[in-house]
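Take a look at the structure below.
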Amino acid sequence: MRETPEDLAELQALLDASLTSSTSHLRSIIDGENTLTAEKLSETLTGMCTLALSTVTAKGEPRISGVDGHFLRGRWHFGTARNAAKARHLAARPAASVAHMRGENLGVFTHGAVEILNPLGGEPSGDWPELLAYFQDFYGDDAFDWDSEVVYFRLRPHWMTVYAPDIARLAT
């Protein structure tokens, strides 16, 4: 878990506000008994988590694809090839949704807007060196040409909810 106390407080506030503002249908499914706190969520989402990423084309057509997600500091981070369609979609239209599901035991659903962490020829995010060190440690220093082959995004959520009907099953 890499979250600071401030990250956890911000994430908990987001989780609470998201559920409170949700439809009665969703609140009938996700309640205090079958969700996770920010701290428990951060402890659960370690390493690489496969995400279903939703983007939109220029014509307004939905697209979904998979990415390696890393939950760091209370936000999803993911990368793709710079020439991938999803990279073009996100650069032009940063609104995105991601879902991470582990069978029937866990569902994390997030809506927000992405920011590019390492723009080609542009100024990287202030925390890019720290994130790059994490990604290189995870994937290997020589896995990619980190400057030109891959682009990384951070999803800044405006809505996030977690469904975890049996917290004990997450540990297995």
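Everything numeric here is computed off the predicted structure, so don't read it as measured data.
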T37 and L15: which non-hydrogen atoms are nearest, and at how many Å?
C-CD1, 4.2 Å
dist L51:CG -> S97:OG (nearest 0.5 Å) comes out at 11.5 Å
Under 4.5 Å between side-chain heavy atoms, hopping through other hydrophobics if needed: is there a path connecting L72 to V162?
no
Separation of R156 CZ from E115 CD (nearest 0.5 Å)
4.0 Å
Between W76 and L131, is there a shared hydrophobic cluster once you connect ILVMFWY residues whose side-chain heavy atoms come closer than 4.5 Å?
no
Partners passing side-chain contact (heavy atoms from CB on, under 4.5 Å) against R73 (at least two apart in sequence or in another chain):
T4, D7
Is there a donor-acceptor pair under 3.5 Å between the side chain of W128 and the backbone N or O of L117?
no
Kindly say whether D31 contributes a backbone atom to a donor-acceptor pair with the side chain of N34 at under 3.5 angstrom?
yes
For R82 versus P119, what's the shortest heavy-atom pair and its separation?
NH1-C, 4.1 Å
Has H100 got a side-chain atom pairing as donor or acceptor with T50's backbone, closer than 3.5 angstrom?
yes
Verdict with supporting geometry, H77 and R75, side chain to side chain donor-acceptor pair (under 3.5 Å)
CA-CA 6 Å; H77 297 73; R75 290 177 168 67; over 6 Å; no
Judged by atom type as modelled, is there a donor-acceptor pair below 3.5 Å linking the side chain of E3 to the main-chain atoms of G74?
yes
Looking only at heavy atoms, what is the nearest atom pair of P129 and S125, with distance?
CD-O, 4.0 Å
Heavy atoms from other residues, nucleotides or ligands near CD of E10 exceed 12 (cutoff 6.0 Å)
no
If hydrophobic clusters are built from ILVMFWY residues whose side chains come within less than 4.5 Å, do L11 and L45 share one?
yes
Examine Y152 and V98 and state if one hydrophobic cluster contains both, with Ile, Leu, Val, Met, Phe, Trp and Tyr joined whenever side-chain heavy atoms are less than 4.5 Å apart.
no
To the nearest 0.5 Å, how far apart are OG1 in T161 and CD1 in I29?
10.0 Å
Is the gap between the ring centers of H70 and Y139 under 6.0 Å?
yes
I64, T80, V114, L90 screened by side chain to side chain contact (heavy atoms under 4.5 Å, CB included) with L53, the one that passes
L90
Between K40 and T35 (side chain of the first, backbone of the second, donor and acceptor by atom type, cut-off under 3.5 Å), is there such a pair?
no
Once rounded to the nearest 0.5 Å, what's the spacing between atom CG of D166 and atom CG of L106?
11.5 Å
Give me the atom names and distance for the closest heavy-atom approach of Q12 to A38.
OE1-N, 2.7 Å
What do the steps show when you test C49 against R102 for side chain to side chain contact (heavy atoms under 4.5 Å, CB included), and what is the final call?
CA-CA 9 Å; C49 301; R102 296 182 187 170; 3.7 Å; yes
On a heavy-atom basis, which atom in V150 and which in N118 lie closest, and how many Å separate them?
O-ND2, 3.1 Å
Hydrophobic cluster membership, V67 vs I116, 4.5 Å side-chain cutoff
yes
Minimum-distance pair of heavy atoms, taken over all atoms of R154 and D127:
NH1-OD2, 2.8 Å
Distance in Å, H89 NE2 paired with S54 OG, rounded so as to fall on 0.5 Å steps
12.0 Å
Looking at E61, I'd like to know if its CD atom is crowded, meaning that more than 12 non-hydrogen atoms belonging to other residues, nucleotides or ligands lie closer than 6.0 Å.
yes
Side chains of S42 and F71: closer than 4.5 Å at any heavy-atom pair?
yes
Between the OG atom in S65 and the CZ atom in F78, the distance rounded to the nearest 0.5 Å is 8.5 Å
In the structure I gave you, are the side-chain heavy atoms of W159 and S22 within less than 4.5 Å of one another anywhere?
yes
Please check if the side chain of W146 supplies one atom and the backbone of D141 the other of a donor-acceptor pair under 3.5 Å.
yes
